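Report on the following structure.
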Amino acid sequence: MSSQSVTPRSVDYSRWYTDVIQKAELADYAPVRGCMIIRPYGYELWEGVRSGLDRRFKATGHQNAYFPLFIPMSFLQKEAEHVEGFAPELAVVTHGGGKELEEPLVVRPTSETVIGHAYANWIQSYRDLPVLINQWANVVRWELRTRLFLRTMEFLWQEGHTAHATYEEAHEETLRMLDVYADFAINDAAIPVIRGRKSDQERFAGAVYSYSIEAMMGDRRALQAGTSHNLGQNFAKAFDIKYLDRDNELKYCWTTSWGLSTRMVGAVVMAHGDDKGLRLPPVLAPYQVVAVPIYRDDAERSAVMPTVEKVVAELRDAGVRVHVDDRAELTPGFKFNDWEMRGVPLRAEIGPKDVEKGTVALVRRDIDDRKQAKLFAPQAGIAQTVPALLGEIQASLLGQATAFRDAHLRVVDTYDDFKAVIEAGDWALAYYDGSAAVEDQIKADTGGASSRCFPLDQEPGEGACIVTGKKVAERAWFARAY
RNA sequence: CGGGGCGUGGCGCAGUCGGCUAGCGCGCUGCGUUUGGGACGCAGAGGUCGUCGGUUCAAGUCCGACCGCCCCGACCA
């Protein structure tokens, strides 16, 4: 059971974050540094993420499959940039069955290489294309500094891997899946995101172009919440993924990969949470409604429970996920706080007065003011009232997150303005030549701000790179990031 | 890997200049009273004080080494 309150966000944001995660029982620290135990409530939240994405993957023609955890070390080395990028964070198995292995096995940090190997065998003809596969898996990256959900050494994710006959098709796939992520983030997680292309420095090791969705957290820091990569023919060449085309010519495939991880759970925590704890969007919430029966004695209890059961049954029939908190040893006040900590979107209180008047007291988690958050709904029609209200709460959380984000997005044209905006903690959209040198300088001048992306939705234009003054065609977002 | 902090019942902490039976709050168990915003009383259970070594008549406390965790930076989903 969660208890007492969390460190306020204004006092210490990262302590608030870890407090909320532990008190809401999303996750716990593991015996091994940098690893976490995902508890049932946190795992259900992840399952919500998973089903929202999986549904969309299937709808766009993808199938799930599973590839092995262990990858021969030599596979990683086949793509030069890929090894270089991942070498520092590999976990390597050197012994098995009490003997030293002839070839070390890498615990997958991502699966482009094993999957590329399989695709080389599977693909012979243009008729075999496209291959559209996703896998749900765990991966391991030896991170120096970790944080629950945001960066753990082992994490759960999905990784999509596709192979296509043409560059155009692969490019379309890359952007299609970026849109799938954005659609999921906005409509399911209620997190407004910016879709864009990563700078060369921030690009995935081995990709031609990387795209991401970028979200603003409650402390205004940026979080890369999902990525989609156009891998060009880099992996096709490294793994010999070739097909015989209509014109009887042997050609290399064009591949993509895209991933979204348990980090999304951290994003939901930080995009919506407040000083009372989590605030979960109804689409993802493990429990959309918690019913709290109110009674003073056995007589009242037996008067109240039939109504509770009736209301709950109606809601469940309407497809609402309801949890009944009938713990006898706790007072209602304790339960209210407990479920607010856990972010349940709507609380239904049913007591003697409600039984008498035929009402249910509904309290919204998305509204801070207690009086405004509460309304008395007639029991009749509750199966319509509640889903409608959940829809409103979903929209309201997205609205609040969007308003917050938009209040902290700034367009700048001079380097002085740029530095002032970053210094103030906001995001700056500025003309940028895309070079590593400029990014490094910005990082040094601002105490760590990095380019987030060149947003896809930007007015065509031309301007001077804020650092070099060079004429460039695109602006990029810069911010401090997780 | 650099900087900071911390290891004492499940959790959060106190423990003074080394001293006698290691304490407090929360939580937990039982009983009773409570219950529309974090209830209360009574009675209980629960500890090799992170590990190893040293100093001492005596170590949670002093010294040394090690281990671990958290936070802040560089690197990364």
Side-chain angles (χ1 to χ4, degrees), chain A residues 1-5 7 12-15 17-19 22-23 28-35 85-90 109-110 139-159 181 198 201-205 210 212-215 222-229 257-267 276-277 292-298 300-301 304 325-341 347-356 359-361 363 370-371 373-374 376 440 443-444 447-448 450 480-482:
Chain A
M1 158 191 350
S2 64
S3 64
Q4 308 310 315
S5 53
T7 306
D12 184 337
Y13 195 82
S14 64
R15 259 189 70 192
Y17 177 76
T18 46
D19 281 1
Q22 288 177 91
K23 292 198 168 154
D28 210 345
Y29 289 103
V32 174
R33 176 195 74 88
C35 295
F86 281 102
E89 43 186 84
L90 292 180
T110 177
V139 288
V140 169
R141 298 181 187 178
W142 213 260
E143 299 291 351
L144 299 178
R145 205 180 135 216
T146 58
R147 227 174 207 302
L148 293 171
F149 287 110
L150 297 185
R151 183 170 298 106
T152 45
M153 294 214 307
E154 179 191 8
F155 57 95
L156 306 183
W157 75 344
Q158 60 66 218
E159 45 179 327
Y181 288 154
K198 302 300 274 187
Q201 280 211 318
E202 298 275 330
R203 208 185 61 224
F204 176 76
S210 285
S212 69
I213 51 169
E214 299 285 333
L223 185 74
Q224 177 176 307
T227 48
S228 186
H229 312 292
S257 70
W258 25 276
L260 187 148
S261 73
T262 33
R263 170 180 271 193
M264 181 54 82
V265 173
K276 290 190 286 190
V292 181
I294 312 281
Y295 50 80
R296 274 188 289 274
D297 49 38
D298 281 352
E300 281 189 356
R301 186 187 144 83
V304 160
D325 188 354
D326 56 359
R327 292 176 291 181
E329 69 278 13
L330 297 172
T331 61
F334 184 93
K335 294 177 185 177
F336 298 164
N337 287 286
D338 195 29
W339 292 110
E340 279 164 7
M341 176 68 68
R347 180 173 71 241
E349 304 171 16
I350 300 172
K353 286 177 218 161
D354 298 295
V355 172
E356 190 187 316
T359 57
V360 179
V363 184
R370 204 180 282 168
K371 282 197 184 79
K374 190 165 187 167
F376 292 90
D440 286 343
K443 220 166 255 181
S450 58
R480 284 190 234 275
Y482 278 102

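Within every chain, numbering begins at 1; the chains are lettered A, B, ... in the order of the sequence lines, protein sequences first and strands thereafter. Note that this is a predicted model, so its numbers are computed, not measured.
- Among B:rG36, B:rC71, B:rG37, the nucleotide with an atom closest to any side-chain atom of A:Ser14 is B:rC71.
- Taking the side chain as every heavy atom from C-beta outward, A:Ser210 and A:Thr227 never approach each other to under 4.5 Å.
- For the OP1/OP2 pair of B:rC75 and a distance below 4.0 Å, the side-chain nitrogens and oxygens of A:Arg145 include no atom meeting the criterion.
- Looking at which nucleotide of RNA chain B each of A:Arg347 and A:Lys443 is closest to, the 5′-most match is held by A:Arg347.
- Comparing B:rC66 with B:rG7, their C1' atoms sit 14 Å apart, to the nearest whole Å.
- Among the protein residues, A:Gly259 comes within range of no part of the nucleic acid, since none of its heavy atoms lies under 4.0 Å from any strand.
- Nucleotide B:rG27 holds its C1' atom 17 Å from the CG atom of A:Asn337, rounded to whole Å.
- Toward the 5' end of RNA chain B, the nearer of the two residues A:Arg147 and A:Glu154, judged by each one's closest nucleotide, is A:Arg147.
- Taking every side-chain heavy atom of A:Arg263 into account, B:rA77 is the closest of B:rA77, B:rC75, B:rG36.
- Residues forming a side-chain contact (heavy atoms from CB on, under 4.5 Å) with A:Ala267 (at least two apart in sequence, or on another chain): A:Ile191, A:Met217, A:Leu223, A:Met264.
- Among B:rG36, B:rC71, B:rA77, the nucleotide with an atom closest to any side-chain atom of A:Phe155 is B:rA77.
- Taking a pair as Watson-Crick or G-U with both hydrogen-bonding distances under 3.5 Å, the stems of three or more pairs touching RNA chain B are B:1-7 with B:67-73, B:10-13 with B:23-26, B:28-33 with B:39-44, B:50-54 with B:62-66.
- Pairing each heavy atom of A:Thr146 with each of A:Glu143, the nearest pair is CG2-CB, 3.9 Å.
- Across all strands, A:Gly448 comes closer than 4.0 Å only to sugar-phosphate atoms, never to a base (heavy-atom distances).
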Where do N or O atoms of nucleotides 31-35 of chain B meet protein N or O atoms at under 3.5 Å, pair by pair?
from   : atom 1 : to       : atom 2 : distance (Å)
B:rU35 : O2'    : A:Tyr295 : O      : 3.0
B:rU35 : O4     : A:Arg296 : O      : 3.4

